[in-house]
Amino acid sequence: MIIATFNVNSVRQRIEHLTRWLQARAPDIVCLQELKCVDDAFPRAEIEALGYNVATHGQKTFNGVAILSRHPMEIEHRGLPGFEDEQARYIEAVVSVPGEAIRVCGIYFPNGNPAPGPKYDYKLAFMKALTAHAEALLKHEEKLVIAGDYNIIPEPRDVKFPEAWVSDALFLPESRAAYRRLLNLGFTDAIRAQSDAAGLYTFWDYQAGAWQRNNGIRIDHLLLSPRAADALKETGIDKDLRAEEKPSDHVPVWCRLG
DNA sequence: ATGGTAGCGGTGCTA
């Protein structure tokens, strides 16, 4: 059972990368972010042809999230419960796999720059609402994965040049503290549960040769409930996609639950 | 010190 997250930076521009990767990695469940299109423009047929059910929550031009699943799924929410939002940043489903159910939340956090300012306030408000919802979900004591682009660098070891990010919304102490409050409810950061290494990046900017210089950051995360963490067997970051022609600036991150 | 790139949509915003 592989669950993955992938910020595609326009699903229409990335459909060939996405379908190649789906065939190679064969994940069971995938959360996508930054679709950058409305639901009717989503390349549904190409993905369904590979055996996936598709649920989208898109919008024109910006944002947009989706869940792909090889197993039957029921959509619980489009939009974060308790948080009025015109931006498409949240989708939640319960996936039925033989013998059990897994709840999957796909999230696309606001970037939050410039900070301070209204965009940063929005980011913190989104985090507060997600934390409240996650706390309620944890009471179900089920396998739960909150996967997506958090736009938060948790620690200095998750960024090549920490000093360059000290006043950035992705690395400000208040952002990192909010992320820790979510984790401290009882979630496990899947990548960190498997490795203490520095330099496990998931994003490299298009600008200034960031990929060639390995000037990266880790901002795409898979947070596991206790029951999901108990089942964690393996994780991976498919960074080879970043070296392809016309790549997304993010790469897929995945975990395997036994 | 600045700008460097990509996507959308048809200009400047978002990242």
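- Applying the ring pair (Phe, Tyr, Trp, His ring centres under 6.0 Å) test to A:His250 and every residue at least two apart in sequence or in another chain returns A:Phe203.
- Mapped onto DNA chain B by nearest heavy atom, A:Asn151 and A:Leu35 fall at different nucleotides, with A:Leu35 at the one closer to the 5' end.
- In terms of phosphate contacts, A:Arg14 brings a side-chain nitrogen or oxygen within less than 4.0 Å of OP1 or OP2 of B:dG7.
- Residue A:Tyr122 contributes atom OH, which lies 12 Å from atom P of B:dT14 at whole-angstrom precision.
- Atom C1' of nucleotide B:dA15 and atom CD of A:Glu34 are separated by 7 Å, given to the nearest angstrom.
- Between the CH2 atom of A:Trp165 and the P atom of B:dA15 there is a distance of 13 Å, given to the nearest Å.
- The ring of A:Phe83 has its center no closer than 6.0 angstrom to the ring center of A:His133.
- Side-chain proximity of A:Asn63 to the nucleotides B:dC8, B:dA15, B:dG7 is greatest for B:dA15.
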Side-chain donor-acceptor contacts of residues 163-173 of chain A below 3.5 Å, not counting sequence neighbours, with atom names and distances?
residue	atom	partner	partner atom	Å
A:Asp168	OD1	A:Asn113	ND2	3.0
A:Asp168	OD1	A:Leu170	N	2.8
A:Asp168	OD2	A:Asn113	ND2	3.3

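- Rounding to whole angstrom units, CD of residue A:Gln33 and P of B:dA6 are separated by 21 Å.
- Contacts of residues 108-121 of chain A with DNA chain B (heavy atom under 4.0 Å): A:Tyr108, A:Asn111, A:Lys119.
- When the C1' atom of B:dT5 is taken as reference, atom NZ of A:Lys36 falls 11 Å away, rounded to whole Å.
- The side chain of A:Ser10 contributes an N or O atom lying less than 4.0 Å from OP1 or OP2 of B:dC8.
- Nearest nucleotide to the side chain of A:Phe62, out of B:dC8, B:dA15, B:dC13: B:dC13.
- Partners of A:Tyr122 under the ring pair (Phe, Tyr, Trp, His ring centres under 6.0 Å) rule, at least two apart in sequence or in another chain, do not exist in this structure.
- Using C1' as the reference atom, B:dA6 and B:dG10 are 16 Å apart when rounded to the nearest Å.
- In this structure, the side-chain contact (heavy atoms from CB on, under 4.5 Å) partners of A:Ala193, at least two apart in sequence or on a different chain, are A:Thr188, A:Leu232.
- For the OP1/OP2 pair of B:dG7 and a distance below 4.0 Å, the side-chain nitrogens and oxygens of A:Lys246 include at least one atom meeting the criterion.
- Between A:His250 atom NE2 and B:dT14 atom P the separation is 17 Å, expressed in whole Å.
- Here A:Arg242 lies out of heavy-atom contact (under 4.0 Å) with every strand.
- Listed by residue number, A:Tyr206, A:Gln207 are the residues of residues 201-219 of chain A with a heavy-atom contact under 4.0 Å to DNA chain B.
- When the C1' atom of B:dA15 is taken as reference, atom CZ of A:Arg89 falls 10 Å away, rounded to whole Å.
- Residues satisfying the salt bridge (charged side-chain N to carboxylate O under 4.0 Å, His left out) criterion with A:Arg44, sequence neighbours excluded, are A:Glu48.
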Tell me which donor-acceptor pairs under 3.5 Å the side chains of residues 35-43 of chain A have, and how far apart each pair is, sequence neighbours excluded?
residue	atom	partner	partner atom	Å
A:Lys36	NZ	A:Asn9	OD1	2.8
A:Asp39	OD1	A:Thr56	OG1	2.9
A:Asp39	OD1	A:Gly58	N	2.7

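- Partners of A:Glu174 under the salt bridge (charged side-chain N to carboxylate O under 4.0 Å, His left out) rule, at least two apart in sequence or in another chain, do not exist in this structure.
- Closest approach of A:Gln33 and A:Ile107 over heavy atoms only: CG-O, 3.4 Å.
- Rounded to whole Å, the C1' atom of B:dG12 lies 23 Å from the corresponding atom of B:dA1.
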Which is it for A:Arg78 and A:Glu92 under the salt bridge (Lys or Arg N to Asp or Glu O under 4.0 Å) test, yes or no, and what are the steps along the way?
CA-CA 7 Å; A:Arg78 287 182 170 85; A:Glu92 177 181 331; over 6 Å; no
